[in-house]
Peer 1: 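Dropping the structure in here first, questions after.
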Amino acid sequence: MDLVLIFISAAIVNNFVLSYFLGICPFLGVSNKLDKALSMGAATTFVMVLAAAVTWLINNLILIPYNLPFLQYVSFIIVIASLVQFVEMFMRKFTPPLYRSLGIFLPLITTNCAILGLALLSALRNYNFGQSVVFGLAAGVGFTLALCIMAGIREELDLAPIPEPFKGAPITLIVAGLLALAFMGFAGLISG
Amino acid sequence: MNILAISLIAMGGLGLFFAVVLGIASQKLKVQEDPIVEDVFSALPGLNCGACGFAGCHDLAEKIAAQGSLDNLGCPPGGAKAAAAISKILGIDAGNQIEKRAVIKCGGTRELAKERADYNGVKNCTAAELVGGGAKACSYGCLGFGDCETVCPFDAIQVGPDGLPHVIEEKCTACGLCVEACPRKIIELVPCSNRIVVACNSNDKGGEVRKACKVGCIACTLCVKTAPEGYSINCNLARVNYENGDSAADSAIAKCPTKCIVRL
């Protein structure tokens with residue numbers, strides 16, 4: 001029950017993108033095509049789950065026992081960067097077209113604040129290992145969900161008669177705002 | 001001192017661990033790429049426009065490298081320059097590539113072409129063509145909503161205040177996306193050396209054309225009589241014989257009664 005709560009809370013109610021404002025840059029950058037958004041979401045989710053697991057291990061087996069909490073940021077960043085590098089090599093090998101279409105946004109997962117945010121939040125909330133992994137998975141699913149909703153809307157927007165001054169970035173930001181507003185509807189469903 | 005040593009060991013150990021893991025992974029996941037693919041890829045414009053029929057420049061480069069020749073493959077935007085560069089990489093003869101650019105075969109501006117109705121629908125040629133053919137009386141002429149302008153990846157077509165699209169030749173790469181996009185098939189790729197074109201696309205008989213537009217081709221055959229080498233008439237429409245060049249078509253420009261033969 002506890003894990004279900006964490007999952008729903010992180011994926012929907014406190015969606016990383018739409019209520020914590022984390023990971024906005026790929027949310028706006030890679031959300032123009034649905035299939036691309038889905039693969040970006042999958043890559044990010046993969047990194048998030050692994051990062052949640054590995055950072056928990058490092059935090060609880062090395063940093064806390066040896067009283068080194070000040071190394072949290074550095075070590076977490078190392079973990080995330082290494083994982084992204086790994087994902088990049090993996091994609092380049094097995095899905096070259098996807099590797100090329102994600103372009104610069106793939107290495108940018110490294111500095112996706114949603115992932116560092118996830119690692120720091122789960123350290124802050126003293127989650128146990130299972131909770132941490134579920135939290136990572138939920139954050140990834142929530143991120144993918146936000147990206148896919150956005151991509152779906154933006155694909156439709158390409159066909160809509162948008163007033164000239166709103167074309168491009170402005171309408172995208174407006175849509176993002178409306179989505180955030182819509183997700184506010186979930187607030188109060190579960191607290192925390 | 002103690003904490004300093006522990007931090008050093010912890011960070012050093014972590015760094016070492018990930019370095020080893022990534023090192024092993026980079027060996028296991030090594031991608032063997034054909035160096036020719038990369039060379040061909042860098043010779044292509046890198047626009048990913050899709051005019052070659054593949055998903056992107058890289059796919060075309062792979063196909064060219066695998067095939068080892070340019071037969072049935074080619075990059076329209078890259079044109080002769082890219083073909084020559086690729087041929088050099090592959091060590092084959094480039095052959096002759098004629099440079100082309102898009103030409104709008106309609107001269108029916110707002111003043112010259114009559115309108116038969118108001119069109120208040122979606123501002124899009126394809127949509128207008130679907131609902132009864134838009135506002136213009138001529139059912140072959142340019143609808144003027146600029147589907148070609150929208151689709152052009154190079155900003156080489158712009159719909160002017162006269163309601164007709166204009167091709168900016170320096171930017172046009174003859175990728176052919178506008179030819180596909182135009183629901184009335186008005187746009188044609190013409191060799192750059194041919195300056196004289198018939199700016200009309202109507203297959204209607206002369207009388208019908210006259211009722212709809214002041215600059216339509218009425219198939220009076222005067223151009224063929226004046227310059228038999230330069231023109232041919234087919235389906236009530238004069239066409240320039242591009243392979244014979246401008247010199248063969250030149251003398252008929254002045255004779256054309258509706259002035260639909262134009263020099264670009």
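Because only heavy atoms are used, hydrogens play no part in the values below, and waters and symmetry mates are left out as well, while side chains stay in. Below, chain A is the first sequence line, B the second, and so on; all start at residue 1.
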Peer 1: Classify the angle between the aromatic ring planes of A:Phe90 and A:Phe94 as parallel (below 30°), tilted (30 to 60°) or perpendicular (above 60°).
Peer 2: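 Judged by the thresholds at 30° and 60°, the geometry between A:Phe90 and A:Phe94 is tilted.
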Peer 1: Would you mind checking which part of B:Lys30 comes under 4.5 Å of any heavy atom in chain A, side chain (CB onward), backbone (N, CA, C, O), both or neither?
Peer 2: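 Contact with chain A: backbone only.
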Peer 1: Can you check whether A:Gly142's main-chain N or O pairs, donor with acceptor, with A:Asn15's side chain at less than 3.5 Å?
Peer 2: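 Side chain of A:Asn15 to backbone of A:Gly142, a donor-acceptor pair under 3.5 Å: yes, one is there.
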Peer 1: Do you know which of B:Ala19, B:Ala25, B:Gly13 has the most heavy-atom pairs with chain A at a distance under 4.5 angstrom?
Peer 2: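 Winner by heavy-atom pair count: B:Ala25.
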Peer 1: According to the interplanar angle, ranging from 0 to 90°, do the rings of B:Phe145 and B:Tyr119 count as parallel (below 30°), tilted (30 to 60°) or perpendicular (above 60°)?
Peer 2: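 Correct class here is tilted.
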Peer 1: Can you tell which part of A:Ile58 gets under 4.5 Å to a heavy atom of chain B, answering side chain, backbone, both or neither?
Peer 2: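 The side chain, not the backbone.
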Peer 1: Side chains of B:Glu149 and B:His166 only: does a donor on one sit below 3.5 Å from an acceptor on the other?
Peer 2: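 Per modelled atom types, B:Glu149 and B:His166 side chains form no pair under 3.5 Å.
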